[in-house]
2 protein chains.
Amino acid sequence: MAAEMAKRATIHDVARLAGVSIKTVSRVYKGEPNVRDVIRERVKEAGAQLRYRPNAAARNLVERRSNLIGLFFENPSAAYVTELQMGALERLRETRYRLLIFPVERRADILGALVETAHASGLDGIIVTPPMSDDPAILKELMESGMPFARVAGDLAVYPNSSVTIDDMAAAEELLHYLLSLGHRKIGFITGDLSHRSAQLRLAAYHKVLAGTGIEANPDYVAEGGFSFASGLVAGERLLTLKDRPTAIFASNDDMAAATLQVAFNHGIRVPDDLTVVGFDDSAIASMVAPQITTVRQPVFEMTRDAADMLLQQIESGKTEPSRQIGYKLIIRQSSGPLRV
Amino acid sequence: MAAEMAKRATIHDVARLAGVSIKTVSRVYKGEPNVRDVIRERVKEAGAQLRYRPNAAARNLVERRSNLIGLFFENPSAAYVTELQMGALERLRETRYRLLIFPVERRADILGALVETAHASGLDGIIVTPPMSDDPAILKELMESGMPFARVAGDLAVYPNSSVTIDDMAAAEELLHYLLSLGHRKIGFITGDLSHRSAQLRLAAYHKVLAGTGIEANPDYVAEGGFSFASGLVAGERLLTLKDRPTAIFASNDDMAAATLQVAFNHGIRVPDDLTVVGFDDSAIASMVAPQITTVRQPVFEMTRDAADMLLQQIESGKTEPSRQIGYKLIIRQSSGPLRV
DNA sequence: TTGAAAGCGCTAACAG
DNA sequence: CTGTTAGCGCTTTCAA
């Protein structure tokens, strides 16, 4: 029973009814000054009566912007994705910008299509997240397109600007040193998807710290994961069924750490008494499982919020912004404890 | 070093370079028939050379649509939100439609602003999720606006159409009967946010089933939650510190069930040996914790996918679609077991 | 199979 | 403070 879907009122209808020019109506609806209050009121009344709403497309056309920001992500962890989104939205709130989401399934598909998609949707700019934010081919495409973009955790070696980062390597090292300080020497490691730079960095930190401590590398202690919970299940199983299993496991993200906890539970291995498990990211899942997971807080929310901020600046100024780095933090919770002899 | 940001090529530039009319260029870029292959090629080449991309705003203006769908949600559970999004995106994939997300903080703020926002963003239609999909005031606003919409789990009593539902009441009852069949009689209940209809329905099912079995109602066994993990922590603590604590707890969603598991862990209460815990939704978290949670699968993904389908139909046909109902399923996992005497 | 001309609804100079 | 006049870049009759 919707009201007659009569053609929507336009600025001309409102102008006619209010007895003013369309320019004045435009001024009123854009909140511009230089309109007498009487007129302003009269226009608003006419607009309300006609149920007038400015046409977004017409406005976009002439203003040459859509106020649309695209968030591209490719990540198997729901918790991580939510943080990304909420961070971006936090910055966009109270602005005229809106957020469009673009999950990408396969990286191969997006190459060449990313800028295409962005243009087809009329985006004003895009936020690129790992691992796309590290990909030289994607970066190249982006830069050539002239489409404003900002990166979350984008590799500065690939391109030095427009990225919000943390010191991934240092963070992983700190976590490892914490494990050593607990007395652990048999430390297992679950990698992330090694096509992600962050996954490689964490693995490198693992090798570096162990080597620096003179611990002999045990290849069996490194299991390949892929950042997803399911992959953590497989990797955790591999590690925990070793004859000489590790006393501590460093999973490259919290989802996989949670998976390891589940594997341990099913084998009757108690955490942290019989096994220490640590994750990375401090995503929501880390504090939702029992025991709660010791992890490194990678402030994904803040990083994405800052990336959005950077993007808006670039859109408005037309200039590229330098990268920014923000801090991480070791968060000790219940899943880690001293080595039991 | 982006290429000179010379003004973007327009359809006129391409037409000129290809030596055809703009209408022909338009035909080529819309994939319309009735263009000789030679011409088509020539136009494409000219377009590529000029790096031409159709202007979305201009197209939207004349076609009177933006191909933008808005997803409005107000939910403290990240897992739930992700399912909503992925479901909608699943249907939109391979179509020309894109998804905009609108998290709603406070319901009060959105009333009156929802349609406003939708129009300001030029949306073609919107997907409304609980509890907004039950709210009479919001529904009224929506219907009067003429903006196409579809609802996820929207109350059919408030408005009979455009909703994808499950039989909430029956699902909750089945779960309760399962608990009874396990021998449990002291059954605790954690409510959701009671401003949500689904929360009320689940509570009603609890009272109904217990009454039907002749179990005396114990007010202490009902703790108020709010669907968030944090609220589950508080409610779980309340229930598990009772002198005569329940042997089974039914949390109104999985997040709160996970929280209850954590409280149990901290009190040294073993699940399922000493306590049975069940949730609702079968969201991702249910199978990521240890023990995995017994729950009722509310197919949020499918519901939202279908709501998106319904919405597209409505947009294209201009007609309202009847509601659809889909099935739920009891999923027994590790967190439930027979009553120990 | 192709093109000319007329808008879509709005903002933006530039006058008045 | 207000209005006139041009477009923005595209699709769409309607002819040819």
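Hydrogens, waters and symmetry mates play no part in the numbers below; they use all other heavy atoms, side chains included. Letters go in sequence order (proteins before strands), and every chain restarts at 1.
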Quick one: is [N] close enough that its OP1 or OP2 comes under 4.0 Å of any side-chain N or O from [X]?
{"X": "A:Asn55", "N": "C:dG9", "result": "no"}
{"X": "B:Tyr52", "N": "D:dC10", "result": "yes"}
{"X": "B:Arg64", "N": "C:dC8", "result": "no"}
{"X": "B:Lys30", "N": "D:dT12", "result": "yes"}
{"X": "B:Arg36", "N": "C:dT2", "result": "yes"}
{"X": "A:Ser21", "N": "D:dT4", "result": "no"}

Open item on the list: Could you check whether the side chain of A:Lys23 and the base of C:dA12 have a donor-acceptor pair of N or O atoms closer than 3.5 Å, going by distance alone?
Closed with: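 Checked by distance alone, the answer is yes.
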
Task: Under 3.5 Å donor-acceptor pair, A:Arg53 side-chain atoms to C:dG9 base atoms - done: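 A donor-acceptor contact between them is absent.
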
Task: Ion pair A:Lys44/A:Asp37, N-O distance below 4.0 Å - done: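 Looking at A:Lys44 and A:Asp37, the cut-off is not met.
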
[X] has an atom [atom1]; how far is it from atom [atom2] of [N], in whole Å?
{"X": "A:His12", "N": "D:dT4", "atom1": "NE2", "atom2": "P", "value": "11 Å"}
{"X": "B:Ile22", "N": "C:dA5", "atom1": "CD1", "atom2": "C1'", "value": "9 Å"}
{"X": "A:Arg59", "N": "D:dG7", "atom1": "CZ", "atom2": "C1'", "value": "18 Å"}
{"X": "A:Arg42", "N": "D:dC1", "atom1": "CZ", "atom2": "P", "value": "15 Å"}
{"X": "A:Asn67", "N": "C:dC10", "atom1": "CG", "atom2": "P", "value": "16 Å"}
{"X": "B:His119", "N": "C:dC10", "atom1": "NE2", "atom2": "C1'", "value": "16 Å"}
{"X": "A:Ile39", "N": "D:dT2", "atom1": "CD1", "atom2": "P", "value": "4 Å"}
{"X": "A:Glu63", "N": "C:dT11", "atom1": "CD", "atom2": "P", "value": "6 Å"}

Task: Pair A:Phe227 + A:Tyr80: ring centers closer than 6.0 Å - done: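 Ring-ring flag for A:Phe227/A:Tyr80: false, centres at least 6.0 Å apart.
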
Task: Donor-acceptor under 3.5 Å (A:Asn161 side chain, A:Thr320 main chain) - done: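 No; judged by distance alone, with no hydrogens or angles, the pair does not exist.
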
- [ ] Check whether any side-chain N or O of A:Thr82 sits under 3.5 Å from a backbone N or O of B:Ala79 as a donor-acceptor pair, and report yes or no.
- [x]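 Checking the backbone N and O of B:Ala79 against the side chain of A:Thr82, no donor-acceptor pair under 3.5 Å is found.
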
Open item on the list: With nearest nucleotide decided by heavy atoms, which residue, B:Leu61 or B:Val35, maps closer to the 5′ end of DNA chain C?
Closed with: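 With B:Leu61 and B:Val35 compared, the 5'-side residue is B:Val35.
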
- [ ] Find out whether B:Arg51 and A:Glu144 are in side-chain contact, i.e. whether some heavy atom of one side chain is under 4.5 Å from a heavy atom of the other.
- [x]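 They are in side-chain contact.
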
- [ ] Select from B:Arg27 and B:Val62 the residue whose nearest nucleotide in DNA chain D is closer to the 5' end of that strand.
- [x]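 Whichever sits nearer the 5' end wins; that is B:Val62.
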
